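Predicted model, so just to flag it, every value in this text is computed and none were measured. We name chains A, B, ... by the order of the sequence lines, and we start the count at 1 in each one.
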Amino acid sequence: MAYTEEELKKELETKEYEYGFYTDIESDTFPKGLNEDIVVAISKKKEEPDWMTKWRLEAFRAWKQMEEPEWANVKYQKPDFQNISYYSAPNKKPKYDSLDEVDPELLDTFKKLGISVDEQKKLAGVAVDIVMDSVSVATTFKKTLAEKGIIFCSISEAIKEHPELVKKYLGTVVPQKDNFYAALNSAVFSDGSFCYIPKGVRCPMELSTYFRINQAGTGQFERTLVIAEEGSYVSYLEGCTAPMRDENQLHAAVVELIALDNAEIKYSTVQNWFPGNKEGKGGVYNFVTKRGLCEKHAKISWTQVETGSAVTWKYPSCILKGDYSIGEFYSIAVTNNFQQADTGTKMVHLGKNTKSTIISKGISAGQSQNSYRGLVQVNSRAENARNFSQCDSLLMGNRCGAHTFPYIEVKNKSAQIEHEATTSKIGEDQIFYCNQRGIDTEKAIALIVNGFSKEVLNKLPMEFAVEAQKLLEISLEGSVG
Amino acid sequence: MLEIKNLHASVDDKEILKGINLKVNAGEVHAIMGPNGSGKSTLAEVIAGQEEFEVGEGSILLEGEDLEELSPEERAHKGVFLSFQYPVEIPGVSVTNFMKTAINESRKAQGLEDMPANEMLKKIREKSEMLEIDRKFLSRSLNEGFSGGEKKRNEIFQMAMMEPKLAILDETDSGLDIDALRIVSNGVNKLRSKDNAIIVITHYQRLLEYIVPDFVHVLYNGKIVKSGTKELALELEEKGYDWLKEEAAV
Ligand SMILES: Nc1ncnc2c1ncn2[C@@H]1O[C@H](COP(=O)(O)OP(=O)(O)O)[C@@H](O)[C@H]1O
Ligand SMILES: [Mg+2]
């Protein structure tokens, strides 16, 4: 097999998106466009209380006054917000007692994804709340969780069943007016997940949600709220794939995490949305606001593996409000073909003796652009704040780009900030070495990329790490230079 | 085992190998010596299938099969192993993981299942003991931060794990201190059998005291200018290469 730069580049370009199919489930879709009536209709459709409808309208009015941000290092055709349908729910939406009752087409979709519900059930200790086109259609393991007082349900259900919790925390970490996409999400979010861990409880299993965009032309606006009461612990997994489409699909999610005193939240994401074809056509626009708030001695870790989307704009952040709180960000971002990613994190140190760690691994192939943008902010009252940041980039070929934009704002002299950055290239000599040991080029790339990403992969729960490795292989098959 | 006929190879239109003939039978050890830049590493890499080099005339046969159309990994699957003069680093990939992948890929090519974990572990234990390799070493990233000697010892560990038919050791002795040289040579000697063959590339006759060759060849300016038995190595040690250069010029 050949492995000169030119030949390898050619090979790389022939890799098509594996999950390019979509499920044909009848759905109940709103007409395209966005105005106050649509916002109210979404709220009505979901049988929400008045305060929620008002909350959405406030967000919508704020959004109308806002402009789409321009500063990220990505170029794309801005979505036409009037040409999107803001609500789409599978028609057959009774809650199932058993998975056997689930729409066979849906099960088939999962099979194609290699994550059939059957398989998931076997994954001991994983409760799966599947969000399919905005409305969750199956929830399992609920009982085990309920015994511990853990609430894990769709956000719509939480609004109805636990309004006091939702009202108390929704929008406290990401306010409605936080940014353009967060405001849009606040106005029109259709579903998402809600998780509440009571005081002192260690959640006995990984909580997992598979997101999936399924209707042509529907944007997906997920809203996730995770609350960890004092001294509790939860590990939350979010994974997604999207079917292949010609037109761009917009995704603007908001995730809010609240870790009260001594609580710990681990939030892991594997994101694999359609990145567009090799000409750069199609693909998902992913504009996400993810933020966590740490009270005293609390800890939040964001771990993410991003291989998908045409355009990604995403900065999971930690507000280290409480003294001795800890924020961590571990990220692998892969871009190929014409993908553009602008990701990173914000660590805001407010409390004393707060600590943050940032490990970012960027892998670029094809003609993609991969940017890391990180902000470490140390407030004047944050005595003895510490941050360690490490940003490594791995390049394949000569047409892709890796960019690092570390911003550091320190207002307290006692802060200790360290930043390290490296850029390397997969060498033909490394490939030949592997080949000589009987490892073909594709496998060799997977091996080298896995090695490069290891510090982050190690942070993922076991079953997710396996999936993540598979995704890295799929998205980089045949690429080196 | 290996038969090389009139092999020519070049890079960027510069001819490096200029008609090599070499026959190595099963059970034999051949040494290739020669001054720097004479083409020893190039020969080794061309046999292993490095496509950076353009093979012009000539052919390489392994057990009668022409290797020309085979990729480096296919050659490896057929039992060709190269201990590199300059082994590369692969950060984050442990020696163990690398070997596991290499062995299972070769097994896959032969239509075999993955090697069971306990068998793999047993083999790793056995071979690392033979080469006096600390187990902690095996969990380190491949060649990253290894000393020159550690890299070479690791190459021979890989050879022991892969059990090749034809092993080419390219300056395995450089970087090894005298104790390490003895350990590594003993390891290589244990791997010698009537079914495999070894080509040892070296500058120094020192290594050949431990790994005693059946034949010695001198490569100079892309050609084998002299072949003989192990006594030739001693002669070279004494007289250097200049007399051969003169002979070759005639
Ligand atoms: N990739 C390459 N590009 C250009 N010249 C090369 C390349 N590889 C080897 N050479 C040249 O080929 C000759 C033989 O090199 P090599 O095979 O490494 O010699 P040896 O191993 O005997 O010291 C040298 O002149 C070297 O500079
Ligand atoms: Mg050499």
Side-chain angles (χ1 to χ4, degrees), chain A residues 1-8 11 330 332 359 361-363 390 392-396 420 422-460 465-466 468-469 472-473 478 480-481, chain B residues 44-54 69-95 97-110 139-144 151 154-155 158-159 161-164 167-168 170:
Chain A
M1 215 187 86
Y3 47 87
T4 61
E5 279 203 16
E6 271 317 304
E7 282 160 326
L8 284 163
E11 220 184 289
Y330 299 99
I332 300 168
I359 308 282
K361 304 273 180 180
I363 299 158
Q390 184 185 324
D392 298 323
S393 308
L394 186 68
L395 300 174
M396 301 190 191
E420 286 174 13
T422 65
T423 301
S424 53
K425 235 181 120 170
I426 290 192
E428 286 180 23
D429 52 346
Q430 287 175 314
I431 301 285
F432 179 63
Y433 189 88
C434 294
N435 290 161
Q436 207 301 303
R437 298 298 188 252
I439 302 166
D440 69 24
T441 301
E442 278 188 10
K443 190 87 191 173
I445 291 165
L447 199 66
I448 294 166
V449 166
N450 274 332
F452 173 79
S453 315
K454 195 166 144 189
E455 284 162 278
V456 176
L457 289 173
N458 281 347
K459 294 286 168 191
L460 289 171
V466 173
Q469 282 190 10
L472 288 179
E473 272 177 52
V480 77
Chain B
E45 295 199 2
V46 168
I47 296 171
Q50 170 62 282
E51 286 164 25
E52 205 177 308
F53 301 104
E54 183 93 27
E69 297 294 323
L70 299 187
S71 66
E73 61 270 24
E74 287 167 326
R75 295 178 196 210
H77 298 156
K78 293 198 181 294
V80 175
F81 179 90
L82 172 57
S83 167
F84 284 80
Q85 183 176 1
Y86 304 108
V88 301
E89 296 177 2
I90 307 189
V93 178
S94 70
V95 177
N97 185 19
F98 185 68
M99 270 299 97
K100 195 182 87 192
T101 309
I103 286 175
N104 285 335
E105 286 297 297
S106 289
R107 289 174 67 100
K108 198 164 78 192
Q110 278 138 30
S139 56
R140 283 173 59 185
S141 287
L142 188 70
N143 292 320
E144 200 182 31
K151 284 184 185 169
N154 179 38
E155 292 290 288
Q158 294 184 35
M159 171 184 166
M161 291 293 293
M162 313 266 315
E163 300 175 339
I168 306 167
D170 192 355

Quick check on B/I103 against chain A: is it the side chain, the backbone, both or neither that has a heavy atom closer than 4.5 Å? neither

Gap separating the CZ atom of A/F432 from the CD atom of B/E52, nearest 0.5 angstrom: 8.5 Å

For chain B, the option from A/A444, A/G451, A/C434 that forms the most heavy-atom pairs under 4.5 Å: A/G451

Non-hydrogen side-chain atoms of B/L82 and B/Q50 separated by less than 4.5 Å: no

The side chain to side chain contact (heavy atoms under 4.5 Å, CB included) partners of B/K151 (sequence neighbours excluded) come to B/P87, B/E89, B/N143, B/F146

B/H77, B/R75, B/E45, B/Q158: which one forms the most heavy-atom pairs within less than 4.5 Å of chain A? B/Q158

Which one wins on heavy-atom pair count under 4.5 Å against chain B: A/Q436, A/Q430, A/K443, A/E455? A/Q436

Does some side-chain heavy atom of B/P72 sit less than 4.5 Å from a side-chain heavy atom of B/E51? yes

Kindly write out the residues that satisfy side-chain hydrogen bond (donor to acceptor under 3.5 Å, both in side chains) with A/S393, not counting sequence neighbours, or none if the list is empty. none

Is it the backbone or the side chain of A/Y433 that comes under 4.5 Å from a heavy atom of chain B, or both, or neither? both

